[in-house]
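Because the structure is a prediction, the values reported are computed rather than measured.
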Amino acid sequence: MSNDVFPELPGLAWSVVRRPTFSTIVQRAASGREVRAALQSFPIWEWQLAYDVLRDDAAGDLRTLMGFFLRRQGAFDSFLFRDPSDHEVTDQPIGVGGNGATTFQLVRTLGGFVEPIFDLGAPPNIKVSGVPRLPDVDFTVTNDARIVFATPPAAGAAITATFAYLFRVRFKEDIAEFNNFAFRLWELEQLELVGVKP
């Protein structure tokens with residue numbers, strides 16, 4: 001498991017496909033009635049990326065991306081990925097003080113669906129009832145993105161966080177097909193990433 005971050009390169013094509021995937025067992029009776037069992041509470045995210053231009057020159061886009069893939073040994077090693085359009089939240093509610101609780105998991109909300117975050121792109125800014133708290137004084141952050149307060153927040157106090165996050169992923173396949181379409185210009189028509197649960 002690597003904490004290297006997938007490189008952000010200028011040749012990334014505009015169309016980035018993102019898929020949330022669940023796993024559900026569906027048992028259908030002869031009458032047509034169904035029984036369903038959800039095997040996971042949160043989706044496995046998948047991305048499909050394409051690179052229209054990767055330069056094989058001093059900028060080294062091709063070598064950067066190819067080297068990153070080779071160091072991961074294809075699908076073997078996981079790494080961190082910053083989704084170009086889904087990587088930060090502002091004043092995200094993460095909990096309410098009460099019952100002496102001191103630990104709160106960072107989360108993000110998508111249309112009412114709350115999903116935990118486990119990897120941060122930068123230290124979070126935390127507020128309790130709108131008042132900023134000091135890192136390493138009022139709270140610490142664990143490796144799995146939990147906020148641990150030195151003293152429990154007051155009962156009913158709203159706890160919010162502003163932070164950037166990353167997704168833990170791996171390459172979906174052990175192969176990447178780079179195409180040399182002009183002198184020192186390459187393309188990668190499809191590169192798929194799949195989320196890895198912590």
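Interatomic distance, CG of Asp61 versus CG of Leu12, reported as 11.0 Å (0.5 Å rounding). In this structure, Phe163 CZ and Asp91 CG are separated by 11.0 Å, a value rounded to the nearest 0.5 Å. To the nearest 0.5 Å, atoms CG (Leu185) and CG (Asn179) are separated by 11.0 Å. Arg71 contributes atom CZ, which lies 12.5 Å from atom CE of Met66 (distance to the nearest 0.5 angstrom). For the atom pair Lys172 NZ and Gln190 CD, the distance stands at 8.5 Å (nearest 0.5 Å).
No continuous path of hydrophobic side-chain contacts links Met1 to Phe68 [ILVMFWY only; heavy atoms under 4.5 Å]. In the hydrophobic cluster analysis, where Ile, Leu, Val, Met, Phe, Trp and Tyr join through side-chain heavy atoms closer than 4.5 angstrom, Leu166 is grouped apart from Val141. Hydrophobic clustering keeps Phe42 apart from Tyr165 (ILVMFWY residues linked when any side-chain heavy atoms are closer than 4.5 Å, directly or through intermediates). Under the 4.5 Å side-chain heavy-atom criterion for Ile, Leu, Val, Met, Phe, Trp and Tyr, Leu65 and Val16 are members of the same hydrophobic cluster.
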Run Leu188 and Leu54 through side chain to side chain contact (heavy atoms under 4.5 Å, CB included) and show every step you take. CA-CA 8 Å; Leu188 180 59; Leu54 293 167; 4.1 Å; yes

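Of all non-hydrogen atoms in Gly195 and Ile44, the two that sit nearest each other are O-CG2, 3.6 Å. Residues Pro116 and Val107 share a closest heavy-atom pair of CA-CG1, 3.9 Å. Shortest non-hydrogen contact noted between Phe6 and Leu49 is CE2-CD1, 3.9 Å. A pairwise comparison of heavy atoms in Ala176 and Leu191 identifies CB-CD1, 4.4 Å as the closest pair. Closest of all the heavy-atom pairs between Ile159 and Gly97 is CD1-N, 4.0 Å. Heavy-atom minimum distance, Val128 versus Pro153: CG1-CB, 4.1 Å.
Screening residues 169-198 for ring-ring contact (aromatic ring centres under 6.0 Å, His included), with sequence neighbours left out, gives Phe69-Phe171, Phe79-Phe171.
Counting only heavy atoms from C-beta outward, the side chains of Leu80 and Val169 never approach each other to under 4.5 Å. Contact check for Pro43 versus Phe113: side-chain heavy atoms found under the 4.5 Å cut-off. Leu62 is not listed as a side-chain neighbour of Tyr51, based on a closest heavy-atom distance of 4.5 Å or more. Looking at heavy atoms from C-beta onward, Ile126 lies out of side-chain contact with Thr160 at the 4.5 angstrom threshold. Between Arg55 and Pro10, the closest side-chain pair of non-hydrogen atoms falls below 4.5 Å. At least one side-chain heavy atom of Asp4 sits less than 4.5 Å from a side-chain heavy atom of Arg72. A 4.5 Å side-chain heavy-atom check between Phe167 and Val196 finds every atom pair outside the cut-off. Looking at heavy atoms from C-beta onward, Thr151 lies out of side-chain contact with Thr102 at the 4.5 angstrom threshold.
Glu187 pairs by the salt bridge (Lys or Arg N to Asp or Glu O under 4.0 Å) definition with nothing, not counting sequence neighbours. With sequence neighbours excluded, the residues that form a side-chain contact (heavy atoms from CB on, under 4.5 Å) with Arg63 are Asp56. With sequence neighbours excluded, the residues that form a salt bridge (Lys or Arg N to Asp or Glu O under 4.0 Å) with Glu8 are Arg82. Partners of Leu39 according to the side-chain contact (heavy atoms from CB on, under 4.5 Å) rule, which considers only residues two or more places apart in sequence or in another chain, are Ser23, Ile25. Shown here are the side-chain contact (heavy atoms from CB on, under 4.5 Å) partners of Ala75, two or more places apart in sequence or in another chain: Arg170, Asp174. Legend: residues meeting ring-ring contact (aromatic ring centres under 6.0 Å, His included) with Phe149, ordered by chain and number and at least two apart, are Phe104. Contacts of Arg184 classified as salt bridge (Lys or Arg N to Asp or Glu O under 4.0 Å), with partners at least two apart in sequence or in another chain: none. Remark: Asp83 pairs with Arg18, Trp47, Ser85 by the side-chain hydrogen bond (donor to acceptor under 3.5 Å, both in side chains) rule, at least two apart or across chains. Judged as a side-chain hydrogen bond (donor to acceptor under 3.5 Å, both in side chains), and not counting sequence neighbours, the contacts of Glu115 are Trp45, Arg108. Evaluation of the side-chain hydrogen bond (donor to acceptor under 3.5 Å, both in side chains) rule for Ser78 yields Arg168 as partners, not counting sequence neighbours. Scanning for side-chain contact (heavy atoms from CB on, under 4.5 Å) contacts around Pro135 gives Phe139, with sequence neighbours left out.
The backbone N or O of Thr21 sits less than 3.5 Å from a side-chain atom of Gln40, completing a donor-acceptor pair. Counting only distance, with no hydrogens or angles, the side chain of Gln105 and the backbone of Ile117 share a donor-acceptor pair below 3.5 Å. Using a distance-only test at 3.5 Å, with no hydrogens or angles considered, a donor-acceptor pair links the side chain of Thr64 to the main chain of Gly60. The backbone N or O of Thr109 sits less than 3.5 Å from a side-chain atom of Gln92, completing a donor-acceptor pair.
Counting non-hydrogen atoms of neighbouring residues, nucleotides and ligands closer than 6.0 angstrom, the CD atom of Glu34 exceeds 12 such neighbours. More than 12 non-hydrogen atoms from other residues, nucleotides or ligands lie less than 6.0 angstrom from CG of Asp57.
With respect to Ile147, the side chain to side chain contact (heavy atoms under 4.5 Å, CB included) criterion is satisfied by exactly one of Leu106, Thr142, Asp138: Leu106.
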